[in-house]
Structures are given as C-alpha cells and as structure tokens.
Amino acid sequence: MGEYRDRVGPYALLRPVGGGTEWEADPAALRPVTPAERIGAQVAAANRRTKRRV
C-alpha cells in the first residue's frame, strides 16, 4: 500500500504511508484502499515512528 504522489511516463509514483522511498507502479493495478486498510497503515506508521524514538 502506498500514497499516490505523481505520474511519470506510464507509471504512478507511490510512497509508503508515513514516508519513505517512492516506487513505481502500474496505474492499471492500483485501487483505492479500504478504510480498514488505511487505518492499519497509519497505525503501523505511527508505531514505527514511536520505536525510532525509544
């Protein structure tokens, strides 16, 4: 799962929820996330940030 950032040529650029390195994906393979998937990704990103501070 990733956040849509931009389109470059035939590819969509995505990045991880909470930040990180972007990657290219086939736009035809993308779909919107469900509310449960979004919440899960946001919680995982918050947990990663918390572990880095400890």
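Excluded from the calculations below are hydrogen atoms, water molecules and symmetry mates; all remaining heavy atoms, backbone and side chain alike, are included.
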*Sequence neighbours excluded, every pair satisfying salt bridge (charged side-chain N to carboxylate O under 4.0 Å, His left out) that has a member inside residues 6-18*: Glu3-Arg15
*asked:* Filter on salt bridge (charged side-chain N to carboxylate O under 4.0 Å, His left out), then keep only pairs touching residues 20-30, sequence neighbours left out; what's left?
replied: Arg5-Glu22
Return the minimal non-hydrogen interatomic distance between [X] and [Y], and the atom names on each side.
X: Ala25; Y: Leu14; result: CB-CD1, 3.8 Å
X: Pro27; Y: Pro10; result: CD-O, 3.2 Å
X: Thr21; Y: Pro16; result: O-CD, 3.3 Å

*Can you list the other members of the hydrophobic cluster that holds Ile39, where links are side-chain heavy atoms under 4.5 angstrom apart?*
Val43
*Hydrophobic side-chain clustering at under 4.5 Å (ILVMFWY, transitive links): who's grouped with Val17? Put none if nobody.*
Met1, Val33
*Applying side-chain hydrogen bond (donor to acceptor under 3.5 Å, both in side chains), name anything that partners Arg38, two or more places apart in sequence or on another chain.*
none
_Residues that Thr34 engages under side-chain hydrogen bond (donor to acceptor under 3.5 Å, both in side chains), provided they are two or more places apart_ = Glu37
*asked:* If you count heavy atoms of other groups shown closer than 6.0 angstrom to OH of Tyr4, is the number above 12?
replied: yes
